[in-house]
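Throughout, numbering of the chain's residues begins at 1 and tracks the sequence. Keep in mind that the numbers below use all heavy atoms, side chains included, and drop hydrogens, waters and symmetry copies.
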Amino acid sequence: MTRVKKSKRINKIVLATTKLKEDLKLIKIAKKNKIDYFRGSNKDVLKRFYNAAQKYNPQFVVRVCADNPFIDPLEIDRLINFYNKSNFDYVCNH
């Protein structure tokens with residue numbers, strides 16, 4: 001969260017997590033850091049993402065997975081700028 005918050009192009013962070021009891025720890029961390037959260041399916045990650053996006057209605061979505069602890073805020077901004085200058089539906093840095 002700390003690295004994502006350093007992005008100059010993101011104005012809202014939403015934690016999309018499950019409804020499982022063990023994820024209450026994540027909700028607590030999100031609340032402490034004033035980050036919105038959405039709880040959804042633990043079996044269908046795409047559905048959880050889709051439902052979170054429907055709830056918050058963002059201009060665009062930047063997906064940052066929990067198993068990627070080395071996210072670079074400059075790379076986030078670069079990808080958003082690239083997306084905004086292009087006519088693509090989807091961009092990634094893989």
Side-chain angles (χ1 to χ4, degrees):
M1 286 185 265
T2 304
R3 290 174 184 251
V4 175
K5 282 184 173 183
K6 291 180 181 180
S7 166
K8 293 179 178 17
R9 301 300 317 263
I10 292 179
N11 58 16
K12 178 179 278 300
I13 299 172
V14 177
L15 169 68
T17 191
T18 74
K19 295 178 182 178
L20 297 175
K21 184 179 178 181
E22 54 263 31
D23 285 338
L24 288 172
K25 294 175 186 175
L26 298 174
I27 301 301
K28 185 177 178 180
I29 293 168
K31 286 180 178 180
K32 180 180 176 185
N33 288 281
K34 298 182 176 137
I35 292 174
D36 289 331
Y37 63 90
F38 176 85
R39 299 185 79 183
S41 173
N42 66 314
K43 298 191 185 272
D44 190 340
V45 178
L46 181 58
K47 182 177 180 181
R48 186 167 70 231
F49 253 68
Y50 177 76
N51 290 341
Q54 280 189 312
K55 178 178 179 179
Y56 289 95
N57 195 29
Q59 179 184 358
F60 49 81
V61 174
V62 175
R63 182 177 179 182
V64 177
C65 298
D67 60 354
N68 183 3
F70 301 113
I71 191 71
D72 183 351
L74 297 174
E75 182 65 9
I76 292 172
D77 292 344
R78 187 189 71 77
L79 283 171
I80 292 170
N81 289 335
F82 179 75
Y83 172 81
N84 285 333
K85 292 177 184 175
S86 63
N87 194 25
F88 299 120
D89 294 327
Y90 175 85
V91 297
C92 72
N93 66 344
H94 294 262

Heavy atoms of other groups near Tyr50 OH, more than 12 under 6.0 Å: no
same_hphob_cluster(Val62, Val91) at 4.5 Å side-chain heavy-atom cutoff: yes
Donor-acceptor check, side chain of Tyr83 to backbone of Cys92, threshold 3.5 angstrom: yes or no? no
Drop me the distance from Ile27's CD1 to Thr17's OG1, to the nearest 0.5 angstrom. 5.5 Å
Taking Arg9 for the side chain and Leu74 for the main chain, is one N or O donor matched with an acceptor at less than 3.5 Å? no
Are more than 12 heavy atoms from other residues, nucleotides or ligands located less than 6.0 Å from atom NZ of Lys5? yes
On a heavy-atom basis, which atom in Ala16 and which in Arg48 lie closest, and how many Å separate them? O-NE, 3.3 Å
Ignoring hydrogens and geometry, is there a side-chain-to-backbone donor-acceptor pair from Asp23 to Lys19 under 3.5 Å? no
In terms of hydrophobic clustering (I, L, V, M, F, W, Y; side-chain heavy atoms under 4.5 Å; direct or indirect links), are Val61 and Val45 co-clustered? yes
Using only atom types and a distance under 3.5 Å, with no angle test, would you say the side chain of Asn42 pairs donor to acceptor with the backbone of Thr18? no
Mind checking whether Phe82 and Val64 sit in one hydrophobic cluster, side chains of I, L, V, M, F, W, Y counted as touching below 4.5 Å? yes
For a quick test of reading the model, state the closest non-hydrogen atom pair linking Leu26 to Leu15 and the distance between them. O-CD2, 3.7 Å
How many angstroms lie between atom CG of Asp44 and atom CZ of Phe49, to the nearest 0.5 angstrom? 12.0 Å
Roughly how far apart are Gln59 CD and Lys12 NZ, rounded to 0.5 Å? 14.5 Å
Taking atom OG of Ser7 and atom CD of Glu75, what is their separation to the nearest 0.5 Å? 11.0 Å
Between Asp36 (side chain only) and Val14 (backbone N and O only), is there a donor and an acceptor less than 3.5 Å apart? no
How long is the straight-line distance from CD1 of Ile29 back to CG of Leu24, given to the nearest 0.5 Å? 11.5 Å
Closest heavy-atom pair, Lys55 versus Phe38, reported as atoms and distance to 0.1 Å, is CD-CD1, 3.9 Å
Single-linkage hydrophobic cluster, 4.5 Å side-chain cutoff, Leu79 and Tyr90 together: no
When rounded to the nearest 0.5 angstrom, what is the spacing between NZ in Lys31 and OH in Tyr37? 4.0 Å
